[in-house]
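Below is one structure; the comments refer to it alone.
Just so we're clear, the structure is a prediction, and the values are computed from it rather than from any experiment.
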Amino acid sequence: MDELTREPALTQGTATGDLARAIAFLHAFAHRKAPVRRPVPGGFAVLDDRYPGSYDDNKLIIRETPDDDGPIVRDAPDDNGRIVKETPGDDRLLVWEASEDNGLTTRPAPGDALERAAELLMGAADEALATRAHRLVCIDDDQLGTACVPAFAAAGYEHETNLVMVFRGPVPTTPPSPASRAAPQEASQIASPAATPAGLAVVEVLGLEEVVAVSRRDWRESLPEASDETIDALARRVEVRLRGADTVGFRGVRAPDGEIAARADLYVHGGVAQIESVLTAEAYRGKGYARTLMYALLAEVAHAELIFLVADADDWPRHFYTRLGFETVGRTHAFLRT
């Protein structure tokens, strides 16, 4: 899991090849940063007991249609009397039921194969996330995710479609600021805010503690009724991202008043660069801070073989990214119940 999938030369630069490589990057990133990983039907679960309320750190990641049939390799009854079958070398967890004559029969599931898949995935979520107050199932196969919508909706899950967008446009000619070119470990050498003719500050490397502080500010704005403990946990979870890739950096644009107006994460590993968590504080939206930030990020990772991001299919930023030169190469699906 730690190595990224590299597509053959003939598929590099194609929508299919770039989608496969971006998905592999996301899987490897989630796998590396998670303290606990467990196989589930069609994929794996990631868990972090330090941040039980964090959806992103406690979820199922499904790569393919789960298989409810397979070889018998281990008999281990769980608390419900079911027999768990784990296939070595595979990330599938197969749950069977014992018949009256002590033989093994597959658990019956209604409907066609895809409906059975949805039921199997919801059961896996209940099991893997049993100690969490939420259930999150992320399906990276568009066909499977689309087919699972009715069953998940009937079970009370909310559905979100995300776009995997790859950068196809020209690299911005304006180079990033010296601060944004610095390595993440040099975050203490943050440049002083310097206004451009347009009144925007240069892009800076942000240190971890400043990112946590700004994240705490933004979460408090989004969740005014949440406890201080919850807000702190949501802000602190950014620390685990440092294990996700060879290079993990945080970038920000400071407004004239000294506040971080816009910020984003940057992950680089194995020739692939992901721009993630792009956020502009509400008080500074519509003033060009995000565009300044994105131009600098794209110039910084211009050497990467693949640059991508993930955007909500139903939210306006996808249009902003399209204007910057990003192209949609595929869709993924997320099902959340709280």
Side-chain angles (χ1 to χ4, degrees), residues 54-56 158 160-167 169 171-172 174-177 179-180 187 190-226 230-232 234-238 241 249-267 273-301 307-328 334 336:
S54 171
Y55 302 159
D56 187 56
E158 297 178 4
E160 178 179 281
T161 302
N162 291 306
L163 308 177
V164 179
M165 306 185 73
V166 171
F167 184 65
V171 176
T174 302
S177 68
S180 71
I190 296 177
S192 300
T196 66
L200 300 179
V202 297
V203 173
E204 304 177 10
V205 171
L206 302 180
L208 181 60
E209 287 307 313
E210 183 166 21
V211 172
V212 171
V214 174
S215 182
R216 192 181 288 116
R217 175 201 71 185
D218 294 336
W219 278 114
R220 172 54 68 198
E221 184 178 87
S222 300
L223 303 173
E225 303 301 323
T230 297
I231 294 297
D232 188 65
L234 288 170
R236 281 281 169 195
R237 64 181 183 166
V238 69
R241 298 175 191 170
F250 309 107
R251 306 290 184 262
V253 180
R254 201 178 299 275
D257 62 6
E259 291 291 321
I260 296 298
R263 58 188 175 90
D265 295 0
L266 182 63
Y267 314 140
Q274 181 191 4
I275 298 172
E276 174 63 13
S277 301
V278 181
L279 178 66
T280 303
E282 187 172 355
Y284 303 101
R285 291 174 185 170
K287 299 180 180 179
Y289 290 105
R291 183 175 296 276
T292 296
L293 178 61
M294 289 297 295
Y295 277 7
L297 290 171
L298 290 170
E300 182 176 356
V301 295
I307 304 171
F308 81 98
L309 53 78
V310 179
D312 187 337
D314 296 323
D315 207 356
W316 66 265
R318 72 188 190 280
H319 302 300
F320 169 64
Y321 299 134
T322 298
R323 291 194 297 270
L324 289 176
F326 283 87
E327 174 186 303
T328 299
L336 173 66

Please enumerate all residues that pass side chain to side chain contact (heavy atoms under 4.5 Å, CB included) together with [X], with sequence neighbours excluded.
{"X": "Thr280", "result": "Ala262, Tyr284, Arg285, Ala290"}
{"X": "Ala283", "result": "none"}
{"X": "Ser215", "result": "Trp219, Ala235, Arg263"}
{"X": "Val164", "result": "Leu19, Ala22, Ile23, Phe308, Val329, Thr332"}

Among residues at least two apart in sequence or on other chains, which ones pass side chain to side chain donor-acceptor pair (under 3.5 Å) with [X]?
{"X": "Glu259", "result": "Arg217"}
{"X": "Glu221", "result": "none"}
{"X": "Arg318", "result": "none"}
{"X": "Glu327", "result": "none"}

Look up atom [atom1] in [X] and atom [atom2] in [Y], then write down how far apart they are to the nearest 0.5 Å.
{"X": "Ser277", "Y": "Asp218", "atom1": "OG", "atom2": "CG", "value": "11.0 Å"}
{"X": "Thr328", "Y": "Asn162", "atom1": "OG1", "atom2": "CG", "value": "11.0 Å"}
{"X": "Leu309", "Y": "Phe326", "atom1": "CG", "atom2": "CZ", "value": "4.5 Å"}
{"X": "Leu234", "Y": "Arg220", "atom1": "CG", "atom2": "CZ", "value": "10.0 Å"}
{"X": "Leu266", "Y": "Leu297", "atom1": "CG", "atom2": "CG", "value": "5.5 Å"}
{"X": "Ser222", "Y": "Leu279", "atom1": "OG", "atom2": "CG", "value": "7.5 Å"}

Name all residues meeting the ring-ring contact (aromatic ring centres under 6.0 Å, His included) criterion together with Tyr267; count only those two or more places apart in sequence or in a different chain, and write none if there are none.
-> Phe29

Sequence neighbours excluded, the answer for ring-ring contact (aromatic ring centres under 6.0 Å, His included) partners of Tyr55 is His134

So among Glu300, Glu204, Glu210, Glu276, which one has a salt bridge (charged side-chain N to carboxylate O under 4.0 Å, His left out) with Arg251?
-> Glu300

For Val211 and Leu206, work out which heavy atoms get closest and say how close.
-> CG2-CB, 3.7 Å

For residues Val203 and Ala296, report the shortest heavy-atom separation together with the two atoms involved.
-> CG2-CB, 3.5 Å

Close side-chain approach of Leu336 to Glu160, heavy-atom, < 4.5 Å | no

Does the side chain of Tyr321 come within less than 4.5 Å of Val278's, by heavy atoms?
-> yes

Do Arg236 and Glu209 sit within salt-bridge range, that is, some charged N less than 4.0 Å from a carboxylate O?
-> yes

Go through the structure and list residues passing salt bridge (charged side-chain N to carboxylate O under 4.0 Å, His left out) with Arg241, not counting sequence neighbours.
-> Asp265

Pairing residues for Asp232 by the salt bridge (charged side-chain N to carboxylate O under 4.0 Å, His left out) criterion, not counting sequence neighbours | Arg216

Step-by-step side-chain contact (heavy atoms from CB on, under 4.5 Å) determination, Phe167 to Val301 = CA-CA 11 Å; Phe167 184 65; Val301 295; over 6 Å; no

